[in-house]
Amino acid sequence: MKMQKEYDPQNIETQIQAGWEENQVFAVSEDSDKEKFYCLEMFPYPSGKLHMGHVRNYTIGDVISRYQRQLGKNVLHPMGWDAFGLPAENAAIKNKTAPAPWTDSNIASMRDQLKRLGFSYDWSRELATCKPDYYKWEQWFFTKLFERGLVYKKEAEVNWDPVDQTVLANEQVVDGRGWRSGALVEKKKIPQWFIKITDYAEELLVSLDDLDGWPDAVKTMQRNWIGKSVGAEVEFLVEGEAPLNVFTTRPDTIFGVTYLAVAAEHPLAIKAASDNQVVADFRKQCAQTSTAEADLETMEKLGVDLGITASHPISGKQVPVWCANFVLMSYGTGAVMAVPAHDERDFEFATKYGIEIKPVVYPQDGDLDISAGAYTGDGELQNSGEFDGQSSTQAKESITQWLSDNAKGTQKVNYRLRDWGVSRQRYWGCPIPFTYDADGEPSPATEFPVTLPTDVVMDGVGSPIKKMSSFIDTVNTQTGAPAKRETDTFDTFFESSWYYARYCCPDLDTAMLDERADYWLPADQYIGGIEHAVMHLLYARFFHKLMRDVGLIDSDEPFVRLLTQGMVVANTYYRKEGEGKEEYFTPEEVSVEYDDRGSVVSAKLVADDQPVLIKVEKMSKSKNNGVDPQSMIDKYGADTVRLFTMFAAPPEQSLEWNDDAIAGGSRFLRRVWNLFDKHSAALGANRLHSMVGVDGANSVAKAHRLTVHTILQRAMFDYERQQFNTVVAAAMELTNAIEKADFAAMGEHSDAVLSEACYVLLKILAPVTPHLCEHLWNEYGTDMDLVDSGWLAVDQAALVKDEITYVIQVNGKLRAKLDVPASTAKEEIEVMAQSDENVQRFLEGLTIRKIIVVPNKLVNIVAN
RNA sequence: GCGAGAGUGGCGGAAUUGGUAGACGCGCUGGAUUUAGGUUCCAGUGUCUUGCGGCGUGAGAGUUCGAGUCUCUCCUCUCGCACCA
């Protein structure tokens, strides 16, 4: 077969993809003879189209999967759809359809796009979380957790839109107002389902230590999120009321307590409001904020004196009780003790409201100065009664002991982590499998699935199933008595917490999971955005442990190795429209001027010839800077798009889109094509193969093989550490080297050296640009599929150098280079280095103090 | 506000983990090919002096024979904060 003359990616890629599909190359099953490798990427929300972030995420996963497959492993690489969620409801309202058909058609078009990119998925395992055969198992699982006492119901706050009479997501609250109605959002308490993730807080924390394949940044963030702290729970008595318990990590500062603060929702605040209008108004004000923590924390710290006092547990002194907007009812006991002298926030608050600031901890060296702010360090106690003179460390223990002995408190471990609220008052989600009897008592479902009706009309206000009697009215399956169905649905994090396990047995209809899960799990590699560092990844880890404890699987953690990929960003062109608002223009609307070095001078809007501003931001519709992957595939082909996304940046960093640079990627693949074409006669006759040994090779051939095998070694090192941009760079260097090589000068071995170099190039490049490589492999390789053709070894003999270049420094500055035989002794190198002409020039008038020799690398002569 | 991360030529980035800063690519400059545009090929390209050399990895200090890399302080940007996914 004669190769086409021109590189035609569209043609090659569709042909190669058809071949993969026909031969089911990526369908896998359990095989105890092979080492398994489960490679997983975070599944997409089916928004309609792939964006560049998806392309990047899935290309990284595909490169890893294909590399592992070439290493000979049994690679599972599945894909599916995180198909429940808010955007489908919004789209349904806008397009006057139901969420289900909208979602289905999005899945269909995104699946086509993924297939066009040539990803090595086992499509037979595809799943969508909105399908009853998927979600029925999480309903079943939730009832198992209920039986185990890990699920409970309690009142919790939501964002309430008083005009639309509906619950809003944080995202739907803009500047404290509902995004549709514009009404001021209020906090409202409603009963909701929770899962006791706090029961697993300690294990989730401790087992982070075993996750060697996870980035430290992610582990640190999870540790801080769980937020374990050891301290004391202290009881302050309030006359005529229940005692006020507070948790503190600083019992050593307890004599510095000058007030207590409770949340607006705290019973004491509610009671005080009944006969105190100021408190009532303050509570109202506190209710009119979003529930987002970032909003609460950046808000001005405000409070009001409740006019109540509590008695200090040790001194017995009365301290005032305040109500403050920064105390969260949902965290801890909803009350805190305040020590303004030794806590920044308390200091700020006390200063503002003229509350006493009483220092009790003094720094060991130097004076205490709290005129400008709190002293938060440790020190020596004063003004602390019998504990005066103790160090903070001693006092933490002795004061806790005293409280414990006098029944005024106990030592306590506290976690910042809160239980997982899984109830959502939305339609497009998995129905929570409970019914309520006439008295409101909940009963778990016994038949699954509890199917979500999909034939609905979205009116824009609330969930349609909340008004649908055919859904709501049912019977208690245990007693046969009439019952009402729960109309809330699960948080979509619920579905995404276990999909990775279901991929192992997606066709199973008799159980949630079977023994196949234990063959594949844990996943060896997980890849997704850093934005999921805490919540999704923590919920998935939690769910894994729950599934283990219910007896479904036997591993402790879901993901062995984690890669958090960076964002895809691009230039934005914008103007400030005042009030922090910005107007964004598309690249087509703008003309950019460069100077003769290629640096940007200015950019103007074509329409009015006036300047616009430029900055680099995450690709998004609202910023008008998105690049549609499909248009790039149509223009350059999938291999070029894949190559560019791998080459432009290392996986964990953000990737800046550049239209010129992707054209460079296309140029490189054409050069590879032309290289094989140029040597087609020699390659066709030899077939691609590695050389064995260096016997008989002349010096030109040897030098070339040294280059080839050095590059191969580097590429393998970079594959292992997952730095794919330098893998591509290595392939480019190798291509340059083959293009420049003088094969005629290599004598009888020229064809073998050429064949080996091209073989290495193909193997290095195959995971990144599989279509081009598979095509060339069909042309010049064996009958086997490229992914199953194995990897190749670095020829250590080819790496042996006869001569080594030493860098010669004088006082750390480069002054000469020295080529010496590899066998040269250290002493001899020192002498040669000193006698170099340029080195002598810089040593003139100086005395040599020391000579440092780093073997095979450098000599540094220290002189003064 | 709290937690985490990142800053290297005109640009994206590399530096085998404390040892030649700028690999590879984009852009730009000059040349060749081409009727022209595009393509392709060759050469050059951190910066200042265009001699030898000096300076240079966000800013400032420190450790070291030697720092982009380690330590401290500061600045800027990015991500997350529990109902976007």
Side-chain angles (χ1 to χ4, degrees), chain A residues 42 44-45 47 82 84-87 158-159 167-173 215-218 220-221 223-225 227 291-299 301 326 330 344-345 417-418 420-421 423-426 491-493 496 529-536 538-539 564 566-567 569 594-600 615-618 644 647-650 652-665 667-668 670-671 674 713-714 717-718 723 725-726 728-733 736 805-809 811-814 817 838 841 849-852 854 857-858 860-863:
Chain A
M42 290 180 187
Y45 178 80
S47 55
D82 187 13
F84 276 135
L86 206 47
V158 292
N159 300 310
V167 177
L168 299 177
N170 282 337
E171 191 190 52
Q172 298 172 309
V173 180
D216 288 333
V218 174
T220 308
M221 280 190 265
R223 270 185 206 107
N224 291 335
W225 184 268
T291 56
E293 191 179 306
D295 294 338
L296 292 171
E297 293 283 337
T298 48
M299 219 160 49
K301 308 288 179 283
F326 56 84
S330 52
E344 291 295 353
R345 191 179 60 188
L417 183 68
R418 309 200 291 259
W420 180 12
S423 294
R424 296 294 179 269
Q425 296 68 43
R426 276 173 253 297
D491 176 7
T492 55
F493 274 126
S496 58
I530 184 71
E531 66 273 19
H532 295 294
V534 176
M535 300 188 58
H536 162 62
L538 189 67
Y539 290 140
T564 51
M567 296 177 301
V569 299
Y594 303 89
D595 66 14
D596 60 10
R597 280 167 63 182
S599 61
V600 175
K615 75 181 159 182
V616 176
E617 289 183 273
K618 181 175 176 173
F644 175 72
F647 181 54
E652 303 204 299
Q653 281 180 38
S654 62
L655 182 154
E656 195 170 316
W657 191 261
N658 181 326
D659 284 330
D660 290 323
I662 189 171
R667 185 152 58 229
F668 167 66
R670 209 156 48 232
R671 275 176 51 210
N674 291 337
Q713 189 177 41
R714 255 177 33 215
F717 180 75
D718 289 340
Q723 187 173 286
N725 55 328
T726 48
V728 175
M732 288 172 168
E733 277 184 71
N736 293 343
T805 304
Y806 272 83
V807 168
I808 314 300
Q809 299 179 331
N811 290 328
K813 288 206 163 60
L814 174 69
K817 285 184 186 180
N838 201 45
R841 215 159 60 78
R849 301 292 173 196
K850 204 175 183 183
I851 299 179
I852 287 149
V854 181
K857 238 176 207 154
L858 122 172
N860 188 14
I861 303 170
V862 185

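As a basis for the values below, the full set of heavy atoms in this structure was taken, side chains included, without hydrogen atoms, waters or symmetry mates. Residue numbers start from 1 in every chain, and the chains themselves are labelled A, B, ... in the order their sequence lines are given, proteins ahead of strands. Remember, it's a predicted structure, so these values are computed and weren't measured experimentally.
Summarising the base pairing, B:rG62 is matched to B:rC70 through a Watson-Crick or G-U wobble pair whose two defining distances lie under 3.5 Å. Nucleotide B:rA4 is matched to B:rU78 when pairs are restricted to Watson-Crick or G-U wobble geometry with both distances under 3.5 angstrom. Look at B:rG30: its Watson-Crick or wobble partner, with both distances under 3.5 angstrom, is B:rC42. Summarising the base pairing, B:rG37 is matched to no nucleotide, lacking a Watson-Crick or G-U wobble pair whose two defining distances lie under 3.5 Å. The partner of B:rU17, taking Watson-Crick or G-U wobble pairs whose two distances both stay under 3.5 Å, does not exist in any strand shown. Using Watson-Crick or G-U wobble geometry with both donor-acceptor distances under 3.5 Å, B:rU47 finds its partner in B:rG54.
Checked against B:rG53, B:rC26, B:rA85, the side chain of A:D660 finds its nearest nucleotide in B:rC26. Among the nucleotides B:rA23, B:rC79, B:rA85, the one closest to the side chain of A:I530 is B:rC79. In the set B:rG1, B:rG27, B:rA4, B:rA4 carries the atom at the smallest distance from any side-chain atom of A:N224. In this structure, of B:rG27, B:rC55, B:rG53, it is B:rC55 that holds the atom nearest to the side chain of A:K813.
Atom-to-atom, CE of A:M221 to P of B:rG5 comes out at 7 Å; the value is rounded to the nearest Å. Summarising the geometry, the separation between CD on A:E293 and P on B:rG1 is reported as 14 Å, rounded to the nearest angstrom. Between the C1' atom of B:rC52 and the CG atom of A:N838 lies a distance of 9 Å, rounded to the nearest Å. Rounding to whole angstrom units, CZ of residue A:R670 and P of B:rC41 are separated by 9 Å. With rounding to whole Å, A:M567 atom CE is found 14 Å from B:rA4 atom C1'. Atom CG of A:N811 and atom P of B:rG53 are 15 Å apart (whole Å). What separates CZ of A:F644 from P of B:rG25 is a distance of 15 Å, to the nearest Å. The CD-P distance, from A:E297 to B:rG80, rounds to 17 Å in whole Å.
When each of A:T220 and A:A292 is assigned the nucleotide of RNA chain B bearing its nearest heavy atom, the one mapping closer to the 5' terminus is A:T220. Residue-to-nucleotide proximity on RNA chain B shows that, of A:V218 and A:D491, the 5′-proximal contact is made by A:V218.
Within the 4.5 Å cutoff, the side chain of A:F326 has no heavy atoms near those of the A:E297 side chain. Residues A:T564 and A:E652 have side chains in contact (heavy-atom distance under 4.5 Å, counting atoms from C-beta outward).
A side-chain donor-acceptor contact under 3.5 Å links A:N811 to the backbone of A:A863. Of the possible donor and acceptor atoms, one in the side chain of A:N860 sits under 3.5 Å from a partner among the backbone N and O of A:G812. Put simply, the side chain of A:Q653 never gets that close to the backbone of A:P650: no donor and acceptor are under 3.5 Å apart. Listed for the A:N159 side chain is a donor-acceptor partner under 3.5 Å among the backbone atoms of A:T291.
Going from the C1' atom of B:rG9 to that of B:rG60 covers 23 Å, rounded to whole Å. Straight-line distance between the C1' atoms of B:rG54 and B:rU76: roughly 30 Å, to the nearest whole Å. Rounded to a whole angstrom, the distance from the C1' atom of B:rC41 to that of B:rU33 is 8 Å. If you take atom P in B:rU69 and the same atom in B:rG62, they sit 14 Å apart, rounded to whole Å. Across B:rG12 and B:rU17, the matching C1' atoms stand 22 Å from one another, rounded to whole Å. B:rC11 sits 25 Å from B:rA61 when the P atoms are compared, rounded to a whole Å. One C1' atom belongs to B:rG3, the other to B:rU29, and the distance between them is 48 Å to the nearest Å. Atom name C1', nucleotides B:rU20 and B:rU57: the rounded distance is 15 Å, in whole Å.
The NZ atom of A:K817 lies 13.0 Å from the CG atom of A:N838; values are rounded to the nearest 0.5 Å. The structure places CZ of A:R671 at 8.0 Å from CE of A:M732, a figure rounded to the nearest 0.5 Å. For the atom pair OG1 of A:T726 and CZ of A:F647, the computed distance is 9.5 Å after rounding to the nearest 0.5 Å.
A:W225 comes within contact range of at least one nucleobase, with a heavy-atom separation under 4.0 Å. Residue A:T492 is in sugar-phosphate contact alone, with no base atom involved, counting any heavy-atom pair closer than 4.0 Å across all strands shown. Within the nucleic acid shown, A:H536 has no heavy atom closer than 4.0 Å to any nucleic acid atom. Within 4.0 Å of A:F493, counting heavy atoms only, lies at least one base atom of the nucleic acid. Residue A:Q172 is out of contact with every strand shown, counting any heavy-atom pair closer than 4.0 Å. Among the atoms of the strands shown, none is found under 4.0 Å from any heavy atom of A:I662. Base engagement by A:V158 is indicated by at least one non-hydrogen atom pair under 4.0 Å involving a base atom.
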Protein within reach of the bases, or only the backbone? For nucleotides 8-20 of chain B, mark each nucleotide 5' to 3' as B, S or -, using heavy atoms under 4.0 Å. --B-BSSS-B-BB

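Of the options A:V569, A:I662, A:V616, a side chain to side chain contact (heavy atoms under 4.5 Å, CB included) to A:W657 is made by A:I662 and by none of the others.
B:rG9 takes the syn form, because its glycosidic angle lies no more than 90° either side of 0. Anti is the glycosidic conformation of B:rU78, whose angle departs from 0 by more than 90°.
Note on A:R424: every side-chain N or O is 4.0 Å or more away from OP1 and OP2 of B:rA85. Between A:R841 and B:rG53 there is a side-chain N or O to OP1 or OP2 distance below 4.0 Å.
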For the pair A:Y45 and A:L86, evaluate side chain to side chain contact (heavy atoms under 4.5 Å, CB included) and give the outcome as yes or no after the intermediate values. CA-CA 10 Å; A:Y45 178 80; A:L86 206 47; over 6 Å; no

